[in-house]
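Everything on this sheet refers to the single structure shown next.
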Amino acid sequence: MTDYQAGEIEAKWQAAWHVAELFKAERDTARPKYYVLEMFPYPSGRIHIGHVRNYTMGDVIARFKLATGHSVLHPMGWDAFGMPAENAAIERGGHPKDWTYGNIADMRGQMKPLGLSIDWSREFATCDPEYYGQQQALFLDFLEKELVYRKNAVVNWDPVDMTVLANEQVIDGKGWRSGADVERRELTQWFFKISDFSEELLDALDGLDNWPEKVRTMQANWIGKSRGLQFGFEMTAPAAGFDRIEVYTTRPDTLMGASFVGISPDHPLAKALETENADIAAFNSECRKMGTSEADMERAEKKGFDTGLSVKHPLDPSWDLPVWIANFILMDYGTGAIFACPAHDQRDLDFCRKYDLPVIDTFEALENPAAVADVAFVPPKTEKVRWINHFADLDIATGQEAIDATITFAEQAGWGKGVTNYRLRDWGLSRQRYWGCPIPVVHCPSCGLVPERKENLPIRLPDDVTFDQPGNPLDRHPTWRDVPCPKCGQPAKRETDTMDTFVDSSWYFARFTAPRAETPTVPEDAAYWMNVDQYIGGIEHAILHLLYSRFFARAMHICGDLPEKAIEPFDALFTQGMVTHEIYQTLGANGRPVYHLPEEVTDGKLADGTPVEIIPSAKMSKSKKNVVDPINIIDRYGADTVRWFILSDSPPERDVEWTAAGAEAAHKHLMRVWRMAVEAANAEGGSAEEDTALLRAMHKTIHDVTVGIESFGFNAAIARLYAFAGVLQKSQAGAEARQLAARTLAQLMSPMTPHLSEEIWQMLGGAGLVTIAPWPKADPAFLVEDTVTLPIQINGKRRSEMTVAKDLAREAIEELALADEAVQRALAGAAPKKLIVVPGRIVNVVV
RNA sequence: GCCCAAGUGGCGGAAUGGUAGACGCAGGGGAUUCAAAAUCCCCCGCCUUCACGGGCGUGUGGGUUCGAGUCCCACCUUGGGCACCA
């Protein structure tokens with residue numbers, strides 16, 4: 001009975017849970033519902049340790065809620081569309097569908113032994129036609145409500161492979177396979193009107209009390225609401241059909257420090273000038289030889305081109321400013337044109353230094369004097385104060401007041417208007433790729449854009465495609481693309497763009513409430529299960545996925561697919577840290593990095609002796625091959641050990657560097673708990689005093705562990721469980737108390753180590769399954785202590801301590817403290833300068 | 001570059017503004033054993049001291065406070081995100 005065969009025992013209890021249907025979620029109005037969801041995985045082929053961490057945390061919550069009387073929904077699915085499946089097809093042949101479903105089968109097989117409390121009957125993959133067909137129905141609803149539209153937008157274009165590249169596929173401005181310089185190219189694409197919801201998505205962040213503050217801050221900054229001034233600079237002479245340049249600025253108070261007006265290379269004026277000036281055309285085209293990612297553009301060297309044009313300063317018609325084209329100005333934000341004030345903007349200053357443009361000394365107190373120490377300033381045109389004070393006869397010191405006053409001034413004078421801008425752009429969902437959800441519209445030569453009929457859904461991806469040539473196979477598919485128009489029946493062409501995979505993950509949480517329904521959702525199920533009570537996932541999704549989901553929930557509500565209460569679909573969010581690992585890289589033949597799996601590298605070398613460059617820890621990613629596979633540990637020690645270990649070592653919100661050392665120790669501890677349970681079953685002796693001491697420790701542990709689980713302090717809860725196991729081991733309590741203690745220990749451990757806990761529970765005569773046994777309650781009578789140890793500080797440093805009755809009067813504590821030997825020594829006969837007593841906590845004597 | 005975090009012993013980490021280092025790992029010593037494994041017990045921040053004790057100590061530099069790992073300011077380093085990786 002002392003031998004513990006993890007494999008057999010775990011399989012036995014998993015079967016018992018399955019037979020009892022413990023995890024099957026049913027609508028049950030007699031119990032409070034609880035929906036716990038972990039961000040679903042991409043089926044890359046193997047589960048990695050980060051998945052285990054994510055799902056184990058969710059499982060602890062789900063099992064805890066089950067034990068505290070909730071009707072729990074804890075589902076699992078697969079975020080199954082995306083580029084890696086196509087890349088696999090290109091590299092190794094085969095079909096993305098086979099690769100994906102094969103991976104799902106493998107990963108499900110790796111996950112099931114973990115003993116997660118998942119309702120597998122609700123499982124789906126986003127590449128199931130039953131799922132994406134409903135997504136197409138949602139798209140048609142959105143189209144009808146005008147939440148989707150088409151416009152031109154730029155993509156990364158690989159001129160050699162003749163294909164669109166994702167940002168990830170652009171490395172140092174070159175295509176990852178061809179190595180060719182990437183170009184920006186405009187295509188007509190589909191967009192969700194998320195920007196219509198900017199204000200609402202921003203406002204509602206305030207109500208998300210159970211979201212991490214950092215996520216709300218990041219989202220607010222992403223939406224980027226700003227109040228600024230929009231106005232026109234009149235050109236000194238019209239050019240290319242333009243007679244003014246409209247700019248937007250959040251710092252109109254710096255207008256008297258303007259050096260030049262800058263426009264984006266994609267600005268209509270810049271484009272118009274291209275046709276008449278070859279140098280400008282060359283400059284713009286150079287600017288476009290860069291990826292579309294904002295990070296790349298911001299990091300790139302700042303470059304400009306003097307157009308030779310000039311504009312008049314709005315406050316001084318005799319003052320001409322030159323017009324430059326600058327590569328750091330984004331066409332997507334504001335009007336695509338700015339005025340530069342180098343005295344108050346580092347980037348403008350760098351630019352002016354580089355091109356020898358004037359820097360005007362504006363304010364008396366420069367905002368960053370050190371940064372401009374070497375600058376030769378040009379004297380200001382007004383008094384060297386905020387110009388609004390000069391023009392409007394005001395006396396304003398603070399920045400925001402000055403900004404507001406300038407906007408009012410410009411509006412009254414009639415040359416500008418206050419404008420609220422958002423950084424948030426509409427969500428482009430078109431992807432020129434095969435392995436995604438087809439967009440259900442048809443282009444008809446006579447009817448134009450025609451939505452598919454809902455009865456024709458799902459529009460299935462064709463299976464007969466090949467990946468032997470670059471580009472989207474749907475574009476060249478012989479029969480799939482050519483269809484009759486759903487409206488007039490004449491020959492027409494199906495839209496060949498598919499949807500961004502973020503669309504798939506923006507409503508899966510709603511689909512889990514009715515995964516087999518013939519409509520996207522079912523009102524009764526959505527009403528009962530929504531919202532997700534606890535959502536758990538990586539901090540890397542803090543902005544895009546979570547913002548898109550918030551938008552989708554609103555759009556679905558507008559279309560009648562979700563109740564109003566679900567427009568904020570995630571009541572509580574927990575962002576777990578990532579499991580990171582070093583990246584191992586060598587240089588390939590073409591000078592590009594080649595990545596290697598951790599298991600291929602020993603002592604910094606490959607098997608053939610090639611030295612490997614070690615890049616410091618980073619997020620585990622399949623493309624960087626730094627993914628650690630937990631399956632060996634599961635096979636060796638069982639699921640309970642892996643679950644216990646992954647939770648025990650680190651605070652859940654923090655990133656952890658993966659290390660395999662310690663799994664062995666976790667296993668030893670679990671076996672120690674098992675032996676103690678066996679011993680408790682056969683215990684003898686005991687005394688009332690010993691029994692009480694053990695029960696006191698037990699109730700304290702119940703309290704601490706319960707609080708720990710509820711507050712995501714899993715590592716701290718486990719530390720308490722370790723400590724209690726230590727107490728139990730040393731205890732001389734009698735059989736009854738020790739059995740109760742061991743059984744309770746097992747029960748408190750059950751969210752983390754459910755199989756071991758069931759085995760102990762059963763052995764020590766617990767009723768039924770521990771998984772659904774009511775969670776223990778801490779008896780307050782056992783929690784109170786009657787004495788307390790107070791540290792005594794002298795000048796804030798701990799020098800002594802004393803043990804006193806818990807409710808001892810302040811005066812008595814002061815007296816005892818002053819009588820303390822160390823205090824007497826420090827005072828040397830003098831009276832203390834100050835005596836601070838914090839009852840129950842500390843005494844501080846200031847001498 | 002911009003936005004958001006994190007930084008504590010050899011390691012993972014604990015700590016409502018109140019005894020820094022709980023708990024675990026690694027390490028050292030001991031018990032048990034013919035021996036080993038397993039198990040059990042004890043020690044374990046750094047410097048100094050035979051010892052008692054003393055000094056230093058939570059990325060760096062300042063500040064607030066009787067008291068700062070915790071609050072404020074500046075900086076450094078690392079990580080996440082930057083709209084087509086998921």
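Letters A, B, ... mirror the listed sequences (proteins, then strands); counts begin at 1.
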Next item on the list: Verify the contact: side-chain N or O of A/Asn715 to OP1 or OP2 of B/A14, cut-off strictly under 4.0 Å; return yes or no.
Entry: yes
Next item on the list: For the residue pair A/Phe192 and A/Phe552, categorise the inter-ring angle as parallel (less than 30°), tilted (30 to 60°) or perpendicular (more than 60°).
Entry: perpendicular
Next item on the list: Please state the C1' separation for the pair B/U77 and B/U64 - nearest whole angstrom.
Entry: 26 Å
Margin query: Taking any heavy-atom pair under 4.0 Å as a contact, classify A/His669: base, sugar-phosphate, or nothing.
Written below: nothing
Notebook entry, point to check: Using atom P of each nucleotide, how far apart are B/C4 and B/C73 to the nearest Å?
Noted result: 12 Å
Note to self: Quick check: on RNA chain B, is the nucleotide nearest A/Met83 upstream (toward 5') of the one nearest A/Tyr722, or the reverse? Name the residue that is more 5'.
What the structure shows: A/Tyr722
Notebook entry, point to check: Under 4.0 angstrom, heavy atoms only, what part of the nucleic acid is A/Gly726 near: base, sugar-phosphate, or nothing?
Noted result: nothing
Notebook entry, point to check: CD of A/Glu86 versus P of B/C85: gap in Å, rounded?
Noted result: 14 Å
Item checked: Check: A/Arg841 side chain, B/U19 base, donor-acceptor under 3.5 Å -> no
Margin query: Using the ring centroid of each side chain, check whether A/His545 and A/Phe502 are separated by less than 6.0 Å.
Written below: no
Item checked: Rounded distance in Å between the P positions of B/G69 and B/G57 -> 10 Å
Notebook entry, point to check: Taking OP1 and OP2 of B/G55, is either one under 4.0 Å from a side-chain nitrogen or oxygen of A/Arg799?
Noted result: yes
Margin query: Say we look at B/G27 and B/G81: how far apart would their P atoms be, to the nearest angstrom?
Written below: 36 Å
Next item on the list: Would you kindly give the CG-to-C1' distance between A/Asn87 and B/A86, to the nearest whole Å?
Entry: 13 Å
All N/O pairs under 3.5 Å across the protein-nucleotides 2-10 of chain B interface:
residue : atom : partner  : partner atom : Å
B/C3    : O3'  : A/Asn221 : ND2          : 2.7
B/C3    : O2'  : A/Asn221 : ND2          : 2.8
B/G7    : OP1  : A/Arg654 : NH2          : 3.3

Checklist line | Inter-nucleotide C1' distance (B/C2, B/C11), Å rounded | finding: 35 Å
Check: Would you say A/Gln729 reaches B/C40's phosphate, i.e. side-chain N/O to OP1/OP2 under 4.0 Å?
Finding: yes
Next item on the list: In whole angstrom, give the distance that lies between atom CZ of A/Phe645 and atom C1' of B/G13.
Entry: 13 Å
Item checked: Backbone of A/Glu301 reached by a side-chain donor or acceptor of A/Asn327 within 3.5 Å -> yes
Next item on the list: Quick one: sort the A/Tyr132 and A/Phe81 rings into parallel, tilted or perpendicular, breaks at 30° and 60°.
Entry: tilted
Margin query: Less than 4.0 angstrom from a charged side-chain N to a carboxylate O is my criterion; do A/Asp350 and A/Lys354 meet it?
Written below: no
Checklist line | P atoms of B/C52 and B/C43, separation to the nearest Å | finding: 15 Å
Item checked: Side chain A/Gln432 and base B/C84 donor-acceptor under 3.5 Å -> yes
Next item on the list: Verify the contact: side-chain N or O of A/Asn795 to OP1 or OP2 of B/C66, cut-off strictly under 4.0 Å; return yes or no.
Entry: no
Item checked: Interatomic distance at P, B/G21 relative to B/G10, whole Å -> 16 Å
Notebook entry, point to check: Where do A/Ser800 and A/Asp820 land on the side-chain hydrogen bond (donor to acceptor under 3.5 Å, both in side chains) test, with the steps shown first?
Noted result: CA-CA 8 Å; A/Ser800 185; A/Asp820 182 88; 2.9 Å; yes
Checklist line | Value in whole Å for how far the P atom of B/A38 lies from CH2 of A/Trp674 | finding: 21 Å
Check: So, is A/Lys730 close to the B/C40 phosphate, meaning a side-chain N or O under 4.0 Å from OP1 or OP2?
Finding: no
Margin query: Give me the stems containing RNA chain B, sorted by first residue, counting only three or more consecutive Watson-Crick or G-U pairs with both distances under 3.5 Å; say none if there aren't any.
Written below: B:1-7 with B:76-82, B:10-12 with B:23-25, B:27-31 with B:39-43, B:45-48 with B:53-56, B:59-63 with B:71-75
Margin query: For A/Phe712 together with A/Phe714, are the ring centres under 6.0 Å from each other?
Written below: yes
Check: What does A/Leu721 touch in the nucleic acid at a heavy-atom separation under 4.0 angstrom: a base, only the sugar-phosphate, or nothing?
Finding: nothing
Next item on the list: Over 60° means perpendicular and under 30° means parallel, so classify the ring planes of A/Tyr535 and A/Tyr508, tilted if in between.
Entry: tilted
Next item on the list: Please state the C1' separation for the pair B/U39 and B/G45 - nearest whole angstrom.
Entry: 29 Å
Next item on the list: Could you tell me whether the side chain of A/Arg720 has a donor or acceptor atom within less than 3.5 Å of a complementary atom in the base of B/C23?
Entry: no
Notebook entry, point to check: Where the side chain of A/Asn156 meets the backbone of A/Thr292, is there a donor-acceptor pair that is under 3.5 Å apart?
Noted result: yes
Checklist line | Contact nearer the 5' end of RNA chain B, comparing A/Ile842 with A/Arg423 | finding: A/Ile842
Notebook entry, point to check: Atom CZ of A/Arg425 to atom C1' of B/C82: distance rounded to whole Å?
Noted result: 9 Å
Item checked: Spacing of A/Leu790 atom CG relative to B/G67 atom P, expressed in whole Å -> 20 Å
Check: Whole-Å distance between B/A83 P and A/Leu429 CG?
Finding: 16 Å
Checklist line | Interatomic distance, A/Leu37 atom CG to A/Ile536 atom CD1 [nearest 0.5 angstrom] | finding: 8.5 Å
Check: Base, sugar-phosphate alone, or nothing: which one does A/Val838 contact when heavy atoms must sit under 4.0 Å apart?
Finding: base
Notebook entry, point to check: Hey, do the aromatic rings of A/Tyr131 and A/Trp78 have their centres closer than 6.0 Å?
Noted result: no
Next item on the list: Calculate the interatomic distance between A/Asp820 atom CG and B/U19 atom C1'; express it in whole Å.
Entry: 14 Å
Check: Quick one: is B/C82 close enough that its OP1 or OP2 comes under 4.0 Å of any side-chain N or O from A/Ser293?
Finding: no
